[in-house]
Amino acid sequence: MGSTEKPRRITMTPAARRALAAAERLFYERGIHAVGVDLIAAEAGVTKKTLYDRFGSKEQIVVEYLAHRDERWRAFLAERLDAAGPGPAERVLAVFDASRAWSSENGPKGCSMVNAHAEISDPAHPAHAIITGQKQWMLALFTRLAEEAAPDAADRLARTLMLLHEGALVAHGLNVFPDPLAHAREEARAVLAAAGRGAAPGRRD
């Protein structure tokens, strides 16, 4: 499967939902390769046969795990963007605020997509498109917001904001220093102010 193709999804039954909830917790806490189907079934209180009947393979469980987490993140972010002020800078900063809140509630070990990509780098894997697709979606979001903030430098500004955002997520997962997303937010504010003055993003004239 190429990274541009949409992966197959399954219809969730109650047993599948229990299995997915267990898989989400285990994959995120321990890593995808470290968690086997037997453990997921035991944690979910279902048989291994039921798990295979519902998902077909461990690969499909991974697809559902990442797709579900991506859907939850997009809904979480949409609520905060809707509540943000009308200005483009306010909406950009709302993305950083949302990531900070999400990471506090759902992501002590960092970004699930970044973590998954460390284990799944083969574009043929059915979950690869979800991982790269989320990051492409985030760049497109930053680009739309940058076009409002600085139309003449939107691509450069969007990439700078994306680097700040993704770097902060990695630093958060590694616990490199306290509150990297708050730090990235303040750097984003400075970049937006410079862009508003017509300076190149990243420069502070």
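Position 1 is the first residue of the sequence; numbering continues from there.
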>> For L157 and L145: C-alpha separation, side-chain torsions, deciding distance, then whether side-chain contact (heavy atoms from CB on, under 4.5 Å) applies.
In response: CA-CA 9 Å; L157 175 57; L145 296 174; over 6 Å; no
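- Atoms NE2 and CD, from H33 and E119 in turn, are 4.5 Å apart once rounded to the nearest 0.5 Å.
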> Given E24 and R72, is the salt bridge (Lys or Arg N to Asp or Glu O under 4.0 Å) satisfied, shown in steps?
Replying inline: CA-CA 12 Å; E24 286 191 10; R72 287 172 53 214; 3.6 Å; yes
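- Within the 4.5 Å cutoff, side-chain heavy atoms of P126 are placed close to those of V63.
- Rounded to the nearest 0.5 angstrom, Y65 OH and I61 CD1 are separated by 13.0 Å.
- The shortest distance between side-chain heavy atoms of I131 and H125 does not fall below 4.5 Å.
- The side-chain hydrogen bond (donor to acceptor under 3.5 Å, both in side chains) pairs that include a residue from residues 86-101 are D97-R185, S99-H165, R100-D179, where partners are two or more places apart or lie in different chains.
- Of all heavy-atom pairs between A41 and L51, the closest is N-CD1, 3.8 Å.
- Applying the ring-ring contact (aromatic ring centres under 6.0 Å, His included) test to H117 and every residue at least two apart in sequence or in another chain returns H128.
- Rounding to the nearest 0.5 Å gives a distance of 7.5 Å between NE2 of H68 and CE of M12.
- A101 and F76 get closest at one heavy-atom pair: CB-CZ, 3.9 Å.
- The minimum heavy-atom distance between K58 and I32, with the atom names listed, is NZ-O, 2.8 Å.
- Sequence neighbours left out, not one pair with a member in residues 137-146 passes side-chain hydrogen bond (donor to acceptor under 3.5 Å, both in side chains).
- Every residue meeting the side-chain hydrogen bond (donor to acceptor under 3.5 Å, both in side chains) condition with E71, not counting sequence neighbours, appears here in chain and number order: R9.
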> Could you walk me through whether V114 and K135 pass the side-chain contact (heavy atoms from CB on, under 4.5 Å) check?
Replying inline: CA-CA 9 Å; V114 171; K135 297 310 179 184; 4.1 Å; yes
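- Taking a cutoff of 4.0 Å between a charged side-chain nitrogen and a carboxylate oxygen, E43 and R25 qualify as a salt bridge.
- Qualifying side-chain contact (heavy atoms from CB on, under 4.5 Å) partners for V176, counting only residues two or more places apart in sequence or in other chains: A171, L174.
- In this structure, CD on Q60 lies 12.5 Å from OH on Y52, to the nearest 0.5 angstrom.
- A cation-pi arrangement, defined by a distance under 6.0 Å to the six-membered ring centre and an angle within 45 degrees of its axis, is present between R69 and Y28.
- Scanning both residues, A19 and A44, for their nearest heavy atoms gives CA-CB, 3.5 Å.
- Separation of atoms CZ (R189) and CG (L192) is listed at 9.0 Å; rounding is to 0.5 Å.
- Considering only residues two or more places apart in sequence or on other chains, H183 meets the side-chain contact (heavy atoms from CB on, under 4.5 Å) condition with F177, E187.
- With sequence neighbours excluded, the residues satisfying salt bridge (charged side-chain N to carboxylate O under 4.0 Å, His left out) with K48 are D38.
- In this view, N175 satisfies the side-chain hydrogen bond (donor to acceptor under 3.5 Å, both in side chains) rule with no residue, not counting sequence neighbours.
- Residue K49 holds its NZ atom at 8.5 Å from CZ of R54, rounded to the nearest 0.5 Å.
- Applying the side-chain contact (heavy atoms from CB on, under 4.5 Å) test to S103 and every residue at least two apart in sequence or in another chain returns L169, H172, L181.
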> Checking side-chain contact (heavy atoms from CB on, under 4.5 Å) for the pair I40/L20: CA distance, chi angles, key distance, verdict?
Replying inline: CA-CA 8 Å; I40 295 170; L20 180 59; over 6 Å; no
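- Side-chain atoms of D53 and T47, non-hydrogen and from C-beta on, never get closer than 4.5 Å to each other.
- I10 and V62 end up in the same hydrophobic cluster when Ile, Leu, Val, Met, Phe, Trp and Tyr side chains are linked at under 4.5 Å.
- With a 6.0 Å radius and a threshold of 12 heavy atoms from other residues, nucleotides or ligands, K109 has its NZ atom at or below the threshold.
- In this structure, the side chains of L139 and Q134 stay at 4.5 Å or more apart for every pair of heavy atoms.
- Listed by chain and residue number, W102 satisfy the ring-ring contact (aromatic ring centres under 6.0 Å, His included) test with W73 (two or more places apart in sequence, or in another chain).
- Across all non-hydrogen atoms, the minimal contact from T50 to A15 is CG2-CB, 4.1 Å.
- Annotation: side-chain contact (heavy atoms from CB on, under 4.5 Å) contacts of A188 (sequence neighbours excluded): L93, F96, L161, L164.
- Identified under the salt bridge (charged side-chain N to carboxylate O under 4.0 Å, His left out) test for residues 74-87, with sequence neighbours left out: D70-R74.
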